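Letters A, B, ... are given to chains in the order of the sequence lines, protein chains preceding strands, and every chain is numbered from 1. Given the structure is predicted, the values throughout are model-derived calculations rather than measurements.
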Protein chains: 2
Amino acid sequence: MVKAIQQLRDAGIHPTAQRVAVAERLRTMEGHPTADEVLHAVRQTYPTISRATVYNALALFADHGVVHKRTLREGTTVYDLRSEPHHHMIDEETGVIHDVPWDALHVVGVDELTDFDVLEYQVVIRGRLHRS
Amino acid sequence: MVKAIQQLRDAGIHPTAQRVAVAERLRTMEGHPTADEVLHAVRQTYPTISRATVYNALALFADHGVVHKRTLREGTTVYDLRSEPHHHMIDEETGVIHDVPWDALHVVGVDELTDFDVLEYQVVIRGRLHRS
DNA sequence: GTCGTATTTAGACGCTATCTAAACATGGAC
DNA sequence: GTCCATGTTTAGATAGCGTCTAAATACGAC
């Protein structure tokens, strides 16, 4: 609770009760939830919160770097809870998104791209997770 | 016309009039059109074609490798008309998707990923195109 | 030509996300 | 503390993209 409030303040976000509830819940979630998954999770502790508020909160968090908005799944936007850069692997069978550590891959040639300013980049892999 | 029919046959797709019309139109399109953009383009030459038919045709084409379905833009799926592999740069301001030649970047370490089978990968860059 | 299958069609439906207008809360000035 | 201006939340309406459905149509094999 205190941590979540501090996290929002540090990011320059006014910590309302609803936003704190969302931030709190995000800390306990894993993977790459959609906005609706966050909405339903938050409603377990804050049943009256509205859809628009959760969507607004997530958009605000993304603007302030608390989470990252990602276009990785078809039909819906997912929120990436990890702040450190990393790559992604999307399982073709299940659609599940897995993180790939930043250091596992190295992209050569980004600095030589002169046509545009690179703000961010990542490798997106489509594949299949090994059953092990 | 003949070329489009041949392209579909080569891919193992039964070339109906509607599918040929879609394939024909795709050959004249540039960039990364959405299904609805393809629909409206095709209707210029085939005004009675239905939405479902264009969506079905594109899904079929994607299944047979004629085009690639890509999740790069928020809220909608785009179809990639180029068959050779390449990377993508998404302009943060305009949302326009640009192709980056495969040879412009080199990803090191993909072969060493042992947790999963890699079917395909690409670098996705977010940035800003230089005005020049 | 006849039959069975594949395809197309218009419209209904579902889902994700945004917008709207009203209600509500909050922080600062006094 | 009270007042006001501003920021926030809310429920429901709305919009956009995509899929589904059932009926009509076209097609290939025989």
Side-chain angles (χ1 to χ4, degrees), chain A residues 4-5 8-9 11-25 31-43 45-64 66-80 95 97, chain B residues 4-5 8-9 11-26 31-64 66-80 95 97:
Chain A
I5 293 174
L8 295 185
R9 276 201 220 283
I13 297 170
H14 186 97
T16 65
Q18 288 89 342
R19 287 171 188 165
V20 172
V22 174
E24 271 287 289
R25 216 41 160 118
H32 304 77
T34 66
D36 255 49
E37 283 164 2
V38 176
L39 168 63
H40 290 116
V42 173
R43 280 200 171 151
T45 54
Y46 197 137
T48 61
I49 201 167
S50 80
R51 175 193 307 275
T53 298
V54 173
Y55 275 74
N56 286 342
L58 288 171
L60 196 66
F61 293 1
D63 282 348
H64 289 75
V66 176
V67 296
H68 285 270
K69 220 172 170 174
R70 300 259 176 233
T71 308
L72 291 170
R73 259 178 56 184
E74 213 175 315
T76 188
T77 299
V78 300
Y79 290 87
D80 200 329
I97 300 163
Chain B
I5 293 175
L8 296 185
R9 275 202 220 284
I13 298 170
H14 185 97
T16 66
Q18 289 88 340
R19 287 170 187 168
V20 172
V22 174
E24 272 285 290
R25 216 40 159 117
L26 283 179
H32 305 78
T34 65
D36 255 49
E37 284 165 358
V38 175
L39 169 64
H40 291 117
V42 172
R43 279 199 172 153
Q44 293 182 352
T45 55
Y46 198 136
T48 60
I49 201 168
S50 80
R51 174 194 309 273
T53 299
V54 172
Y55 275 73
N56 285 341
L58 287 171
L60 195 67
F61 293 1
D63 282 347
H64 289 75
V66 176
V67 295
H68 286 270
K69 222 173 171 175
R70 299 258 176 234
T71 308
L72 291 170
R73 260 176 58 182
E74 213 177 314
T76 186
T77 299
V78 300
Y79 289 88
D80 201 330
I97 300 164

*Asks:* In the 5'-to-3' direction, what one-character label does each nucleotide of nucleotides 24-30 of chain D receive under the scheme B = base within less than 4.0 Å of a protein heavy atom, S = sugar-phosphate only, - = no such atom?
*Replies:* ----S--
*Asks:* Going by number, which of residues 67-75 of chain A have a non-hydrogen atom under 4.0 Å from DNA chain C?
*Replies:*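 Going residue by residue through residues 67-75 of chain A, the ones with a heavy atom under 4.0 Å of DNA chain C turn out to be A:Gly75.
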*Asks:* Just how far is it from atom OG1 of A:Thr45 to atom CZ of A:Arg25, taken to the nearest 0.5 Å?
*Replies:*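 Interatomic distance, A:Thr45 OG1 to A:Arg25 CZ, rounded to 0.5 Å: 5.5 Å.
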*Asks:* Give the table of side-chain donor-acceptor pairs shorter than 3.5 Å for residues 14-22 of chain B, with sequence neighbours excluded, one pair per line with atom names and distance.
*Replies:*
residue: B:Thr16; atom: OG1; partner: B:Arg19; partner atom: N; Å: 3.2
residue: B:Gln18; atom: NE2; partner: B:Tyr46; partner atom: OH; Å: 3.4
residue: B:Arg19; atom: NH1; partner: B:His14; partner atom: O; Å: 2.8

*Asks:* How close or far is atom C1' of C:dG27 from atom CZ of A:Arg9, stated in whole angstroms?
*Replies:*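 So the CZ-C1' distance, A:Arg9 to C:dG27, works out to 13 Å.
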*Asks:* Compute the angle between the rotation axes at the two ends of the helix from C:dG1-D:dC30 to C:dC30-D:dG1, each taken over five pairs, rounded to 10 degrees.
*Replies:*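 So the angle between the two local helix axes works out to 30°.
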*Asks:* From CG of A:Leu60 over to C1' of C:dA17, roughly how many Å is that when rounded to an integer?
*Replies:*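 Distance, rounded to whole Å: 17 Å.
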*Asks:* Applying side-chain contact (heavy atoms from CB on, under 4.5 Å), name anything that partners A:Ala59, two or more places apart in sequence or on another chain.
*Replies:*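 side-chain contact (heavy atoms from CB on, under 4.5 Å) check on A:Ala59 returns nothing, list empty.
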*Asks:* Dump the pairs, protein N or O against N or O of nucleotides 22-24 of chain C, anything under 3.5 Å, distances to one decimal.
*Replies:*
none

*Asks:* Return the CG to CG distance between B:Leu72 and A:Leu72, rounded to the nearest 0.5 Å.
*Replies:*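 These two atoms lie 9.5 Å from each other.
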*Asks:* Any residue in residues 35-43 of chain A with a heavy atom nearer than 4.0 angstrom to DNA chain D? Just list them by number, or reply none.
*Replies:*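 The stretch gives none, as no residue of it lies under 4.0 Å from the strand.
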*Asks:* To the nearest 0.5 Å, what is the distance between CG on B:Leu26 and OH on B:Tyr79?
*Replies:*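 Nearest 0.5 Å value for the CG-OH distance: 10.0 Å.
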*Asks:* Scan residues 67-78 of chain A for pairs that pass salt bridge (charged side-chain N to carboxylate O under 4.0 Å, His left out), counting only residues two or more places apart or in two chains.
*Replies:*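 Non-adjacent pairs meeting salt bridge (charged side-chain N to carboxylate O under 4.0 Å, His left out): A:Lys69-B:Glu74, A:Arg70-A:Asp80, A:Arg70-A:Glu120, A:Glu74-B:Lys69.
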*Asks:* Of the listed nucleotides (D:dT8, D:dG18, C:dT7), which one gets closest to any side-chain atom of B:Thr16?
*Replies:*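 When the side chain of B:Thr16 is considered, C:dT7 is the closest of D:dT8, D:dG18, C:dT7.
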*Asks:* Checking A:Thr53 now: which residues fulfil side chain to side chain donor-acceptor pair (under 3.5 Å) with it, not counting sequence neighbours?
*Replies:*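 By the side chain to side chain donor-acceptor pair (under 3.5 Å) rule, A:Thr53 matches A:Ser50.
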*Asks:* So, is A:Thr77 near the phosphate of C:dT16, with a side-chain N or O under 4.0 Å from OP1 or OP2?
*Replies:*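 Answer no for this pair, as no side-chain N or O of A:Thr77 is under 4.0 Å from OP1 or OP2.
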*Asks:* Among residues 46-56 of chain B, which residues get a heavy atom nearer than 4.0 Å to DNA chain D?
*Replies:*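 Correct list: B:Arg51, B:Ala52, B:Tyr55.
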*Asks:* Taking only residues at least two apart or on different chains, which pairs with a member in residues 43-63 of chain B satisfy salt bridge (charged side-chain N to carboxylate O under 4.0 Å, His left out)?
*Replies:*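 Applying salt bridge (charged side-chain N to carboxylate O under 4.0 Å, His left out) to every pair that reaches into residues 43-63 of chain B, excluding sequence neighbours, yields B:Asp36-B:Arg51.
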